[in-house]
Amino acid sequence: MNSVAKKTLNIFIGFAILIAIWQTVILVTTINENLFPTPLMVLEGIISLIADGTLFVHLQVSLFRFAAGYLSAVVVAIVLGLFLGRMERVWNIVDPIVQVLRPVAPIAWAPFIVLWFGIGNAPAIVIIFIAAFFPVLLSTVSAVKKVDKTYLKVAENLEIKQPQLMTKIIFPAAFPYIANGLHIALGTAWIFLVSGEMVGAQSGLGYLIVDARNLLRLDLVLAGIIFIGLCGLLLDKLIMAFEKWIQKQWGGVTPSK
């Protein structure tokens, strides 16, 4: 059995065990099925969401918001991080500000974001941006500081100047460590996407859960939660594939996580 088949088998076994535990808890307790739906009820809910197209409408909106917020945060954070990592004195001034703002949950800014940007795509995109920005920025700054000094000395001897120094030497050398920040940022951004859609949106997977809760359709709530988890898993695999492709192009080795 090859590695792909083994991984697939392990996934099925894991989900089978989870579903068995789920069903067992319902059978051995007195929890009302309306308050804790059975796997079969949730499966029927998933089928109904797929059949009437509701899932694809909300999923499309959520993926658009995520892509807009996450990608813009990654670009801005990497560009800033590359320069701040090289300017130690400036970073020493900026770092305390970043450390104060970083622990504040993006959803805490929701009242201001909704007032400033209204209801719709913008609030969720801004929340995603904030959630993804700091992990990528900090990992980029740290990665730039870890760049082997030998590379910089060789570049100096070859009289390589900016912007080639940044794009040809520093960024490729720092990317394996920046990739760690991309993974962390993806997880936090996807989590807060759902939170943002619960607060300031009328569509998306987060809104789907809120709407189902208001209708007391807890089977659809769990269906939405399952879709959120599966999408998060697929997005993480996509980032891993992109990281491996970049490493293959540059001939680098990804540091162990």
- On a heavy-atom basis, the closest approach of A132 and A73 is CB-CB, 3.7 Å
- Query: Does the side chain of I191 reach to within under 4.5 Å of the side chain of I228, using non-hydrogen atoms?
  - Reply: no
- Query: How long is the gap from NZ on K244 to CD1 on I239, to the nearest 0.5 Å?
  - Reply: 13.0 Å
- CG/L230 to CG/L234 distance, rounded to the nearest 0.5 angstrom? 6.5 Å
- Without swapping roles, check the side chain of S62 against the backbone of L59 for a donor-acceptor pair under 3.5 Å. no
- Task: Answer yes if F12 and V42 sit in the same cluster of Ile, Leu, Val, Met, Phe, Trp and Tyr residues linked by side chain heavy atoms under 4.5 Å apart, and no otherwise.
- Result: no
- Query: Does the W245 side chain pair with the main chain of M240, one donor and one acceptor, at a distance under 3.5 Å?
  - Reply: no
- Query: Should L205 and I209 count as side-chain neighbours, where that means a heavy-atom distance under 4.5 Å?
  - Reply: no
- Would a distance-only check, ignoring hydrogens and angles, find a side-chain to backbone donor-acceptor pair under 3.5 Å from S142 to S139? no
- Give the intermediate values and the outcome of side chain to side chain contact (heavy atoms under 4.5 Å, CB included) for residues I127 and L193. CA-CA 7 Å; I127 289 174; L193 161 70; over 6 Å; no
- Query: Between T188 and I184, is there a donor-acceptor pair closer than 3.5 Å when you use the side chain of the first and the backbone of the second?
  - Reply: yes
- Message: What's the separation between atom CG in L238 and atom CG in L233, rounded to the nearest 0.5 Å?
- Response: 11.5 Å
- Closest contact, heavy atoms only, A212 versus V221: CB-CG2, 3.8 Å
- Please examine the side chains of I125 and F117, heavy atoms only from C-beta on, and report whether any two atoms are closer than 4.5 Å. no
- Message: Does F36 form a side chain to side chain contact (heavy atoms under 4.5 Å, CB included) with T29? I'd like the steps, not just the answer.
- Response: CA-CA 11 Å; F36 189 25; T29 62; 5.9 Å; no
- Task: For side chain to side chain contact (heavy atoms under 4.5 Å, CB included), just list the numbers for L218 and L222, CA-CA rounded to whole Å, side-chain angles, deciding distance to a tenth of an Å, and then say yes or no.
- Result: CA-CA 6 Å; L218 297 188; L222 284 175; 5.8 Å; no
- Query: Relative to the ring of W109, is the ring of F112 parallel (under 30°), tilted (30 to 60°) or perpendicular (over 60°)?
  - Reply: tilted
- Task: Supply the atom-to-atom distance L138 CG to I178 CD1, rounded to the nearest 0.5 angstrom.
- Result: 12.0 Å
- Query: For Q99, does the CD atom have more than 12 heavy-atom neighbours from other residues, nucleotides or ligands under 6.0 Å away?
  - Reply: yes
- Message: Under 4.5 Å between side-chain heavy atoms, counting indirect links through other Ile/Leu/Val/Met/Phe/Trp/Tyr residues: same cluster for V100 and L137 or not?
- Response: no
- Does some side-chain heavy atom of T38 sit less than 4.5 Å from a side-chain heavy atom of W22? no
- Query: Is W116 reachable from L101 through a run of I, L, V, M, F, W or Y residues, each pair having side-chain heavy atoms under 4.5 Å apart?
  - Reply: yes
- So do the side chains of D211 and L220 get within less than 4.5 Å of each other, counting heavy atoms only? no
- Any side-chain heavy atom of V94 within less than 4.5 Å of one from V98? yes
- Note on the structure: residues 55-80 vs ring pair (Phe, Tyr, Trp, His ring centres under 6.0 Å), sequence neighbours excluded, gives F66-Y70, F66-W190
- Separation between CG of D219 and CG of L40, rounded to the nearest 0.5 Å: 10.5 Å
- A174 and V147: which non-hydrogen atoms are nearest, and at how many Å? CB-CG2, 4.1 Å
- ILVMFWY cluster, F83 and I97 together (side-chain gap under 4.5 Å): yes
- Check whether any side-chain heavy atom of P106 sits under 4.5 Å from a side-chain heavy atom of V126, and report yes or no. no
- Item | Pair R65-E197, salt bridge (Lys or Arg N to Asp or Glu O under 4.0 Å): steps then yes or no | CA-CA 10 Å; R65 291 168 178 161; E197 289 179 337; 3.0 Å; yes
- For the student: nearest non-hydrogen atoms of L49 and A223, plus distance: CD1-CB, 4.0 Å
- Message: Determine whether L18 and Q23 satisfy the following criterion, side chain to side chain contact (heavy atoms under 4.5 Å, CB included), listing intermediate values before the conclusion.
- Response: CA-CA 9 Å; L18 178 62; Q23 184 65 53; over 6 Å; no
- Query: Are V141 and M87 connected in a single hydrophobic cluster, I mean Ile/Leu/Val/Met/Phe/Trp/Tyr linked by side-chain heavy atoms less than 4.5 Å apart?
  - Reply: yes
- Message: Just so I know, are the side chains of N121 and V61 near enough to count as touching, which here means a heavy-atom distance under 4.5 Å?
- Response: yes
- Note on the structure: Shortest non-hydrogen pair, V136 vs L182, comes out as CG2-CD2, 4.1 Å
- Query: Just how far is it from atom CD1 of I46 to atom CD1 of I226, taken to the nearest 0.5 Å?
  - Reply: 4.5 Å
- Message: Minimum heavy-atom separation for P96 and I93, please, with both atom names.
- Response: CD-O, 3.2 Å
- Donor-acceptor contact present, side-chain N10 to main-chain K6, <3.5 Å: yes
